[in-house]
There are 2 protein chains.
Amino acid sequence: MAKRVVPDAARRRRRPTRQGQVLTHELIVETALRMLREHGAAGLTARRLGLALGADASAIYRYFRGMDDLTLAIADELLAHALADWRPTGHWRTDLRALGLSVHAAYLAHPQAAVLTASRVTGRPHEVAVDETILAILRTAGFPDHDAVRIYHAFIDQSLAFAVLDAASLALPAATRQADEQVWQATYARLPASSHPHIAATAGHLVGRMNDSAYPTALDMLLDSARAQLADLRVRDGSGSPRG
Amino acid sequence: MAKRVVPDAARRRRRPTRQGQVLTHELIVETALRMLREHGAAGLTARRLGLALGADASAIYRYFRGMDDLTLAIADELLAHALADWRPTGHWRTDLRALGLSVHAAYLAHPQAAVLTASRVTGRPHEVAVDETILAILRTAGFPDHDAVRIYHAFIDQSLAFAVLDAASLALPAATRQADEQVWQATYARLPASSHPHIAATAGHLVGRMNDSAYPTALDMLLDSARAQLADLRVRDGSGSPRG
DNA sequence: CGTCAACGTCAATGGCGTTGGCATAAGGAT
DNA sequence: ATCCTTATGCCAACGCCATTGACGTTGACG
């Protein structure tokens, strides 16, 4: 009654801004991602985003309910990238591992956005799709619902958790990262065996590991544990091989 | 030369504020912690902190260089608390699990500080002590150096990663957390089986899990994997029982 | 008792997200 | 081609925020 036609995204009244730009949801999200990459999380403000768009800051509110809404849109965009990069093979362990690495990589591609968004529940299409995919893999592999949910929860939260941690490190100013590296060299590599025998004994193995993400290792250990549980279940059922 | 006497903390010129409070570093930190606990990270502002102290906001700057300096002062205590709460029993798996949970809990007690500091390498005594402790447990349990370092790395980074993730969630404004909860209810609990069969099938198991941390589960899975590796090593050596 | 500086307060600055009002131009209808 | 509707960009303003510099007071010490 009130509105005769709901304006299609393609049929919008695309009135250009003073500087000739035509605003869309996509353009705003992309510009925000670019600002996050170039200037960091603190550098993304409504006013500066408007400036970068060649529009007034308040124009953003015609497309998003607020900066928080825009943040969630950015988050879902990252998960869309993760799913697009993923190619299933039919082997549950291989597929789950690849999906985890894909999510991790998608967030690390935009560390500043990851810090901002990885801990949020958006309920948006791509996030839901990732969840559905994980549960599908686990239940198809033969995990009972209770175990599937438990492993799903640990899996997705671990992926997000490492994404936040690694992204937070990547998002630091270069000077701060170099300072941290020097702190590490100055302390860990030169600790006397008398006070810290175990660090001293393993210093050779520790060197060079500091900047690597521990996520692949933790992911493999989680998947190994899941495989052992599955094998155990099959043995109790007496219906399959214990090799998983 | 310029200053005759560096004022002792006890000998300060304790001029009371308009409302009779006497300011100290400790009082400010404690008040800030209380505000964090009661009103969340967004509820801690210089103005409101000043109000809670019965002083002007600018008085804080006589004690800290800025809000960031105050945040780091708060964070300084966290790892110390984690180690202080930890009581070893001599069983490597039990002790490692308790230490992980203790670190996690210490950070979660101050989510705002955790988000800022958990991804940093401080090289300060308590951090080094935690690392030494973990390596000691693993090497004493019988892990070869290479495996001990690998598991140490996965273990500590997993603990920090979940701390950052869970703290980031806790640090959100209360209104945002409630909104996220409602988003979850509105989407996941009502997804049709036609489009998302696996989420729909496990909805009963998913309910109530949303606010729980997945860290204990992920931690147990990591420790299970480590125990299996240890058992495998002992079998190859032919020198011990495979029960870990 | 005088001097000095530590410290609380005030006022102001420049930033932030967000909102309501207003002008205008893009579509649809005629 | 013209009118009407309304989506949309822009402007000004509000109430926050952290931070700073000047100012006055007051406690401690010589």
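These numbers come from the heavy atoms of this one structure, side chains and all, not from hydrogens, waters or symmetry mates. Computed from a predicted structure; not experimentally measured.
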Residues Ala161(A) and Phe162(B): closest non-hydrogen pair is CB-N, 3.8 Å
Arg62(A) has an atom CZ; how far is it from atom P of dA7(D), in whole Å? 9 Å
Please give me the minimum heavy-atom distance between Ile60(B) and Gly50(B), naming the atom from each residue. CD1-N, 4.1 Å
Between Arg47(A) and Ala59(B), which has a closest nucleotide on DNA chain C that is more 5'? Ala59(B)
To the side chain of Met67(A), which of dC10(D), dT18(C), dT19(D) is closest? dT18(C)
Using only side-chain N and O atoms of Tyr61(B), determine if any of them is under 4.0 Å from OP1 or OP2 of dG8(C). no
In this structure, how many angstroms lie between the P atom of dA18(D) and the CD1 atom of Ile60(B), rounded? 8 Å
Taking atom C1' of dT19(D) as reference, at what distance in whole Å does atom CG of Leu49(B) sit? 14 Å
Using whole Å, report how far CG of Asp56(B) lies from C1' of dC23(D). 13 Å
Is the distance between the ring centroids of His25(A) and Phe64(A) under 6.0 Å? yes
Pair Ser159(A)-Tyr215(A), side-chain hydrogen bond (donor to acceptor under 3.5 Å, both in side chains): steps then yes or no: CA-CA 8 Å; Ser159(A) 302; Tyr215(A) 176 61; 2.8 Å; yes
Does dC17(D) have its OP1 or OP2 closer than 4.0 Å to a side-chain nitrogen or oxygen of Thr45(B)? yes
First of Gly54(A) and Ala57(B) reached from the 5' end of DNA chain D, by closest nucleotide: Gly54(A)
